[in-house]
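A quick note: this is a predicted structure, and the numbers were derived from the prediction, not measured. Proteins come first, then strands; the chains are lettered A, B, ... in the order of their sequence lines, and each starts at number 1.
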There are 2 protein chains.
Amino acid sequence: MAGILWSNDKEKGLMESVLGREALDFLHWFASNNVLSEFVAPGGDLGAQQGLFKIVEGSDWTYAIYWQVSKAKSGKSALVWGDGQCKEPKGSDVNGDNGSVNQMSVGVNQMKKWVLHRLHACFGGSDDDNVTHKLDSVSDVDMFYLTSMYYAYPFDKPSTPSQSFNSSRTIWASDTKSCLEQYQSRSFLAKAAGFQTLVFVPLKTGLVEIGSVKSITEDQHIIQLVRSLLGGVHAVQSKVAPKIFGRELSLGAAKSGPISISFAPKVEDAAGFTSDSFELQGLGASQVYGSSSNGYHSDDGEARLFPQADDQKPRKRGRKPANGREEPMNHVEAERQRREKLNQRFYALRAVVPNISKMDKASLLADAITCITDLQTKIRLLEAEKDITCDNQNNHASIDIIESRERPEDTVIQVSCPLEGHPVAGVIKALREHQIMEPKSDVSITENGEVLHTFSVQTKPGEAEELKDKLVAALGN
Amino acid sequence: MAGILWSNDKEKGLMESVLGREALDFLHWFASNNVLSEFVAPGGDLGAQQGLFKIVEGSDWTYAIYWQVSKAKSGKSALVWGDGQCKEPKGSDVNGDNGSVNQMSVGVNQMKKWVLHRLHACFGGSDDDNVTHKLDSVSDVDMFYLTSMYYAYPFDKPSTPSQSFNSSRTIWASDTKSCLEQYQSRSFLAKAAGFQTLVFVPLKTGLVEIGSVKSITEDQHIIQLVRSLLGGVHAVQSKVAPKIFGRELSLGAAKSGPISISFAPKVEDAAGFTSDSFELQGLGASQVYGSSSNGYHSDDGEARLFPQADDQKPRKRGRKPANGREEPMNHVEAERQRREKLNQRFYALRAVVPNISKMDKASLLADAITCITDLQTKIRLLEAEKDITCDNQNNHASIDIIESRERPEDTVIQVSCPLEGHPVAGVIKALREHQIMEPKSDVSITENGEVLHTFSVQTKPGEAEELKDKLVAALGN
DNA sequence: AGGAACACGTGATAC
DNA sequence: TGTATCACGTGTTCC
């Protein structure tokens, strides 16, 4: 009955009518397990804010969200709300059609605000920064956008965003159907808002989600724009679609763009697969993909999906006439299935192993082995690197208190830390290069949590401008 | 003729007689390709120095070296000399036997010093910090130790240290033979120094090599000691020896300890393997390991290494009587080899995939797939994390020059940077918690390149001591 | 040819 | 007794 997000069934029903069943379940699970509070709020990067603004402003995009990678103390990582930008789509009215603010829409509006208020409170927001107070009425786009703020995508659970990030593949869904599919648990809200296009652009430190109420076909320029605005130095290379045996794998949807994902590929469950579903992690068209190399299926007769020139060279296919006993026939069938399963695993392996040298099975295994070992060393190196920089940072932070001697009314604390890594190291080095050998500075803390270093250096008249240029050049901004 | 390390053949010969052929080649290759200068010198950590000292001092160990992971700008990583500790083994004399300093040993000594001098010069050391000046005579242990300083182990080349680090497995060689094997290109020097035990202990940020002129059997306590002294918080879990089908894999040498490595497992090359050698990466006893699941070999009759109760149940093994044509006979043989190769790959895959759920081939492939995807996401996350911290650090370094206004004789430069990540952030926070809201500090630079923050805060009498404790506690040291 | 790679049916084996 | 997996020889296809 009573949950965290609701206190009785009536409230639950109300929330469900606004958010949809799946979103409510999702958020309720989050709230119950305190998932969101595990992750540190990345603290809005101004660059991200500006970049998202540029994407949404003056374009057909309705909103843009930057999901950032965040790591919890528990070691789990997730994509959490980093920043966002949203606008009301042109030509749409806030309260549905025609602007007739009737009784019902007012009631709906009140419900939305109540739900948002509830969410805000449950996820640990204080009352005064509640954005709903400022909103006169809440549109469906607002509802979607504001609800998304409480979302997060842990990497240990499969989801479209995490998958896009992991594979570093852009996902572009430009028709209502596949678009809503990708929205997954947010699809109810997305449907209400009328989104027709959804794009996930993976970046180095997270990904950008952009959506539109219009249908926008895939455009590499927009992807590049997103990357250049938010991706640092667009270091995420745009991988070409993986091909296997020369054939493109993404046969699922129209265009070459969106990768349609079916999370529980229950196809041909009858064939006796165990519950593990490798054959197809995010690669459209399971039937074709999962089939054996010369496309025929064991059970059903709907086979021969490969372009094999119908009924030409049937070889010795087709079940044997079951000669004599039926015991060995079953055996043959079982063996067939075993082989097929193995082959499917081989295909799945081919899909995940990069740099496949030859299409040979043995070579594939060899490549897989080198791949694994390479990845392992890469991880070890990255971790070592991380630890080293951590140590350095700790060294920076590990400050020796040299002196703390008491005098009648005040205390002097001397703290020394290495120059290397100190925020003003660049300034000091630049000053030193300018023959200013003993730069001293006062340090004070501003009210907005910044440290202010004030250097006072002696310069010859006219030299100051040059010094300033040098400093700017030395600091690289 | 003329190289970087020598100017003529005579010099080359002299160096070779001191260093040995392989070490000379190794170092010459380094010097020629400027490998060492690529990597940043990690800058001696005092903790490491002390730890190594504690290991060597008062024990049977002759020396200890900390090899640290270092990353070049090119992206290549290597284990480079981090720090070291060395002592003259007890009971040994510096100049070989009996202390009779004859003409020859004096000459040898001169040669050693000349070689060290040469190495020192070639690897970019200045003349004044040349340690050979301080040494009266150079023992073989010294020679080994000082030469090792110019070593490095890039991860793209196979070597015992890099392999130990990668697999995070301790390597312990306690007999002269395997010991010298592990020394690889340093074996000539190691032999001269008389080392009988060599141990590599992998850590998070590198590894520790310890050696002794005595034969020391494997001792988990020493490994733990090394880890606790140098491994941060011994986060490198000591993996148990991998088992396959319940049998231990390390059959190579005596005891359960050392992993004997043969870098080009040329065994059964005759069987028609291609040059790729997966079947055995650092897992002793290639013959047993590489064989098919019920140990028989295709070509040679030296088979049946598995405990299979000799000549019991030969099944239908043994080549068929070659009935009729000999063509298909060749075919079956080829097929046999293909199968065997595939099986070997499967075995090799089993060796590198962690968390093997079932011994099934299909399950193995499934595990391999999840393994690869998991590793890939792990890498993506680590890299994202790295980038985020890099961004943060850059933000710390990216300082806005707020003001630089010129006055008659001096210039005021105001630099602001975020409090978060600032070295004195901890101090300031601690002070704030003590209701000292506006801590100001002078900053000056000491002559040894450190930044000195001097805080002057008002305290009530007797409060200073408490404040000091709080600060120490807040800074965690 | 003639090797390489694969799928297939079959017998054996372990639980 | 069925239900797995596995290895083997064979037929076939593609260079």
field: Phosphate OP1/OP2 of dA4(C) contacted by Lys358(A) side-chain N/O (<4.0 Å)
entry: no
Pair Ser357(A)-Asp367(A), side-chain hydrogen bond (donor to acceptor under 3.5 Å, both in side chains): steps then yes or no: CA-CA 7 Å; Ser357(A) 51; Asp367(A) 290 336; 2.9 Å; yes
- request: May I ask you to verify if any side-chain N or O of Asn330(A) is less than 4.0 angstrom from the OP1 or OP2 atom of dG2(D)?
  value: no
query: Taking the side chain of Arg339(A) as heavy atoms from C-beta outward, which of dC6(D), dC8(C), dA7(D) is closest to it?
result: dC8(C)
message: Regarding dC6(D), can its base be found pairing with the side chain of Glu335(A) as donor and acceptor, where the two atoms are less than 3.5 Å apart?
response: yes
- request: Starting from C1' on dT3(D), measure out to NZ on Lys341(A) and report it in whole angstrom.
  value: 11 Å
Approximate separation, where rounding is to 0.5 Å, of Leu207(A) CG and Gln163(A) CD: 11.5 Å
- prompt: Under 6.0 Å from the six-membered ring centre of Phe346(A) and within 45° of its axis: does the NZ or CZ of Lys361(A) meet both?
  reply: yes
message: Counting only side-chain nitrogens and oxygens, does Arg336(B) get under 4.0 Å of the OP1 or OP2 atom of dA7(D)?
response: no
message: Should the side chain of His331(A) and the base of dG9(C) be counted as holding a donor-acceptor pair, with the cut-off at 3.5 Å?
response: no
query: Rounded to whole angstroms, how far apart are CD on Gln344(A) and P on dA7(C)?
result: 12 Å
statement: In whole angstroms, the gap separating P of dC8(D) from CZ of Arg338(A) amounts to 13 Å
- prompt: Closest approach of Thr370(B) and Thr373(B), non-hydrogen atoms and distance?
  reply: O-OG1, 2.9 Å
